[in-house]
Enquirer: 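Could you have a look at this structure, given as structure tokens, before my questions?
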There are 2 protein chains.
Amino acid sequence: MLKNSESNNAEPSNAEPMSDEMLELIAQRFRLLSDPMRLKILHQLQSGEKSVTELVENTGASQPNVSKHLSTLRTHGLVKRRQEGNMAFFSIAAPFIFDVCNTVCDSMKTEWEQRSNLLGS
Amino acid sequence: MLKNSESNNAEPSNAEPMSDEMLELIAQRFRLLSDPMRLKILHQLQSGEKSVTELVENTGASQPNVSKHLSTLRTHGLVKRRQEGNMAFFSIAAPFIFDVCNTVCDSMKTEWEQRSNLLGS
DNA sequence: ATCGAATATAACTGTTAAGTTATTGTGTCA
DNA sequence: TGACACAATAACTTAACAGTTATATTCGAT
């Protein structure tokens with residue numbers, strides 16, 4: 001007995017190999033978007049540059065928490081920082097985020113509609 | 001100073017309110033995509049239905065590990081399962097995944113090109 | 001029935017990271 | 001100068017989760 005699936009399709013027929021490092025980078029990027037508070041901050045920034053204080057007020061999170069998230073987002077290039085006097089203003093640096101979020105939102109909407117169709121028909 | 005812990009948001013000026021539950025759901029979805037091994041599995045499934053054994057072989061992960069990831073992905077509706085005899089075949093149930101991944105990949109490509117332009121010009 | 005292969009699950013471990021409190025640094029204004 | 005507001009950081013706690021080992025279950029073949 002040989003392990004059957006070995007002979008059939010090993011791996012050659014795949015689109016692209018996709019290296020482990022690449023997968024790690026992509027996963028990292030998704031991980032940035034996998035936290036509700038970070039999404040909330042990004043959503044706030046969608047309507048334009050905001051100061052840390054504004055973000056604290058609008059999100060309801062603590063100031064250190066917001067600062068930490070902003071730092072994380074900045075380290076990975078999703079937001080940029082502008083200093084003015086005593087204050088720091090943050091804004092979106094990677095607009096692709098909204099494309100991604102919209103795709104996800106649309107997918108959820110679609111699924112919900114399908115489910116309610118199954119129930120309601 | 002508002003105490004905003006209880007209610008959603010006290011501020012008016014934003015595009016859409018975006019409830020906390022909504023943010024949680026979106027974050028959850030991104031979290032599913034934030035693990036390299038899960039991305040590897042999904043990438044394998046992009047070329048079509050695969051058995052668990054095939055996925056184990058192609059990914060290099062342990063069998064329990066693959067099974068657990070598949071279970072997670074299925075619970076959240078990203079893959080579906082088909083049983084045939086002793087084996088279980090999994091396939092993509094939510095094609096939006098690839099749209100999302102492509103957007104992310106494109107964004108990384110773009111950034112890299114910009115960086116190499118800055119260096120190489 | 002029995003053995004082995006395919007898959008799932010349970011229990012455990014280790015790591016990561018979100019949030020907290022406390023503190024530090026820095027600019028502004030009295 | 002001192003006092004205060006804004007922001008960042010450090011240290012800590014805790015919870016979530018990826019991966020492992022071990023075990024259970026189910027099917028097919030003998």
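Treat the numbers as computed from the prediction; the structure is a model and nothing was measured. Just so we're on the same page: letters track the sequence lines, and every chain starts at 1.
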Enquirer: Rounded to the nearest angstrom, tell me the gap between atom CD in A/Glu84 and atom P in C/dG27.
Expert: 14 Å
Enquirer: Sequence neighbours excluded and cut-off under 3.5 Å, please list the side-chain donor-acceptor pairs for residues 22-33 of chain B, or say none.
Expert:
residue: B/Arg29; atom: NH1; partner: A/Ser107; partner atom: OG; Å: 2.9
residue: B/Arg29; atom: NH1; partner: A/Glu111; partner atom: OE2; Å: 3.3
residue: B/Arg29; atom: NH2; partner: A/Glu111; partner atom: OE1; Å: 3.0
residue: B/Arg29; atom: NH2; partner: A/Glu111; partner atom: OE2; Å: 3.2

Enquirer: Given atom CG of A/Leu55 and atom C1' of D/dC6, what is their separation to the nearest angstrom?
Expert: 13 Å
Enquirer: Take atom CD of A/Glu57 and atom P of D/dA7, then tell me their distance rounded to the nearest Å.
Expert: 10 Å
Enquirer: If I take atom CZ in residue B/Arg74 and atom P in nucleotide C/dA8, what distance separates them, rounded to the nearest angstrom?
Expert: 8 Å
Enquirer: Less than 4.5 Å apart, side chain to side chain, heavy atoms only: is that true for B/Leu55 and B/His69?
Expert: no
Enquirer: Please identify each residue that fulfils salt bridge (charged side-chain N to carboxylate O under 4.0 Å, His left out) with B/Arg38, with sequence neighbours left out.
Expert: none
Enquirer: Of all heavy-atom pairs between A/Ala61 and A/Val66, which one has the smallest distance, and what is that distance?
Expert: CB-CG2, 3.8 Å
Enquirer: Which heavy atom in B/Ser47 sits nearest to a heavy atom in B/Gln44, and how many Å separate them?
Expert: OG-O, 3.0 Å
Enquirer: Where along nucleotides 12-22 of chain D does protein come under 4.0 Å, by heavy atom, of base (B) or sugar-phosphate alone (S), with - for untouched nucleotides?
Expert: -----SBBSBB
Enquirer: Tell me which residues in residues 85-92 of chain A lie within less than 4.0 Å of DNA chain C, going by non-hydrogen atoms.
Expert: A/Gly85, A/Asn86
Enquirer: Assess whether side-chain contact (heavy atoms from CB on, under 4.5 Å) is satisfied between A/Met37 and A/Lys40, documenting all intermediate values.
Expert: CA-CA 5 Å; A/Met37 186 53 70; A/Lys40 207 169 186 177; 4.3 Å; yes
Enquirer: May I have the list of side-chain donor-acceptor pairs in residues 94-104 of chain B shorter than 3.5 Å, sequence neighbours left out?
Expert:
residue: B/Asn102; atom: ND2; partner: B/Phe98; partner atom: O; Å: 3.2
residue: B/Thr103; atom: OG1; partner: B/Asp99; partner atom: O; Å: 2.9

Enquirer: Tell me the interatomic distance from A/Arg81, atom CZ, to D/dA7, atom P, rounded to whole angstroms.
Expert: 9 Å
Enquirer: Does a side-chain N or O of B/Thr53 approach OP1 or OP2 of C/dA5 to a distance below 4.0 Å, or not?
Expert: no
Enquirer: For residues 70-80 of chain B, which residue pairs pass the side chain to side chain donor-acceptor pair (under 3.5 Å) check, not counting sequence neighbours?
Expert: none
Enquirer: Within this structure, what is the CZ-to-P distance between A/Arg82 and D/dC6, rounded to whole angstrom?
Expert: 16 Å
